Protein chains: 2
Amino acid sequence: MDTTQELMEAQDLPYNVFAKACPSRVTLEHVTGRWGGLTMSALYEGSLRFNELRRRVDGVSEKMLSQTLHALERDGLVRRDAQPTNPPRVDYELTPLGRGVAERLLSLIHFVEGRMDDVLEARRNYDETRGAL
Amino acid sequence: MDTTQELMEAQDLPYNVFAKACPSRVTLEHVTGRWGGLTMSALYEGSLRFNELRRRVDGVSEKMLSQTLHALERDGLVRRDAQPTNPPRVDYELTPLGRGVAERLLSLIHFVEGRMDDVLEARRNYDETRGAL
DNA sequence: CGGTATCCTATATGATACTG
DNA sequence: CAGTATCATATAGGATACCG
């Protein structure tokens with residue numbers, strides 16, 4: 001984990017996700033979108049074929065997985081390796097850049113998974129308090 | 001940043017975001033949604049009032065900010081502090097749990113902002129290659 | 001100021017069928 | 001297997017008006 005200092009410091013970079021028109025916002029949406037984050041996380045452990053990925057990311061449709069992979073590939077986060085065999089074999093793997101993103105996504109995901117009991121308790125508390133009003 | 005070992009290890013927790021029905025997926029969507037991540041990141045530096053937040057998160061509508069804050073409050077990630085003054089003053093701040101999430105979100109955001117030049121180059125390369133076909 | 005309610009539209013997503 | 005194409009729908013999101 002980065003230090004608080006690193007997290008707080010303005011970076012003086014040309015990109016600022018808080019600005020509506022900043023291209024970083026689009027990429028952030030690709031990696032944090034409904035399927036983007038899960039897809040990249042699934043690929044963290046190694047390359048996977050299209051249908052392996054589909055089974056791993058429970059609930060994703062062919063269409064959405066295809067769309068998600070295209071966006072990630074275009075952003076240079078995922079590499080597509082198609083073998084011209086029959087039947088075809090296509091492997092997807094993270095690029096070095098993609099691994100950097102995936103590490104941070106996994107850190108977030110594991111943190112959330114590990115705190116779900118607290119989250120669910122907060123929800124019960126919230127609903128209860130509201131329902132009583 | 002966590003170690004690779006921590007990132008890869010199965011956690012043997014009851015929550016697994018890869019499972020379609022896991023409640024962790026909903027919370028992950030709250031914190032990685034279009035406005036959830038930016039909202040929590042904005043609050044990392046300190047509490048903000050509703051309209052301060054709205055200006056900080058460029059492009060968010062009143063409706064979506066309100067909706068986002070309710071979801072985050074319900075999950076126990078944000079605390080709402082309303083003073084019964086006139087005019088009203090409402091401050092939003094991260095809970096300790098929310099800070100844990102925000103730190104990891106900021107790590108991801110800063111990483112993406114810092115690599116946007118690589119991403120944009122990858123896109124140009126991708127579009128060029130495809131356009132030539 | 002800090003919202004909520006309503007209406008309307010855009011986009012995301014899903015289901016199904018089809019192809020190399 | 002690894003997708004694409006098409007159609008239908010759900011949901012996200014925005015604009016506006018209004019309220020305590």
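Chain letters run A, B, ... following the sequence lines, proteins first, then strands; residues in each count from 1. Treat the numbers as computed from the prediction; the structure is a model and nothing was measured.
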Rounded to the Å, how far apart are [X] [atom1] and [N] [atom2]?
| X | N | atom1 | atom2 | answer |
| --- | --- | --- | --- | --- |
| A/Asn86 | C/dT19 | CG | C1' | 13 Å |
| B/Met64 | D/dT11 | CE | P | 14 Å |
| A/Gln67 | C/dT13 | CD | P | 8 Å |
| A/His70 | D/dG3 | NE2 | P | 7 Å |
| A/Arg54 | D/dA2 | CZ | P | 11 Å |
| B/Leu65 | D/dA12 | CG | P | 16 Å |
| A/Glu62 | C/dT13 | CD | C1' | 14 Å |
| A/Asp81 | D/dG3 | CG | C1' | 16 Å |

Next item on the list: Remember a base hit wins even if backbone is also touched, and classify B/Arg80 as base, sugar-phosphate or nothing at under 4.0 Å, heavy atoms.
Entry: sugar-phosphate
Item checked: Between A/Arg54 and A/Ser66: side-chain donor-acceptor atoms closer than 3.5 Å -> no
Margin query: I'd like to know if the side chain of B/Tyr15 pairs up with that of A/Asp117 as donor and acceptor (distance under 3.5 Å, no hydrogens or angles considered).
Written below: yes
Note to self: For B/Ser66 and B/Lys63, find the nucleotide of DNA chain C closest to each by heavy atoms; which residue's nucleotide sits nearer the 5' end?
What the structure shows: B/Ser66
Notebook entry, point to check: Between B/Trp35 and A/Asn51, which is nearer to the 5' end of DNA chain D once each is assigned its nearest nucleotide?
Noted result: A/Asn51
Checklist line | Test: A/Asp91 and A/Arg80 ion pair at under 4.0 Å | finding: no
Item checked: Pair B/Ser41-B/Arg56, side chain to side chain donor-acceptor pair (under 3.5 Å): steps then yes or no -> CA-CA 10 Å; B/Ser41 299; B/Arg56 192 80 208 288; over 6 Å; no
Next item on the list: Examine distances only and state if a side-chain atom of A/Thr95 and a backbone atom of A/Leu77 form a donor-acceptor pair shorter than 3.5 Å.
Entry: yes
Could you work out which one of [options] sits closest to the side chain of [X]?
| X | options | value |
| --- | --- | --- |
| B/Arg34 | C/dG14, D/dG13, C/dG3 | D/dG13 |
| B/Pro88 | C/dA15, C/dG3, D/dG20 | D/dG20 |
| B/Tyr92 | C/dG3, C/dG14, D/dA2 | C/dG3 |

Notebook entry, point to check: Side-chain N or O of A/Arg49 less than 4.0 angstrom from OP1 or OP2 on D/dC1?
Noted result: no
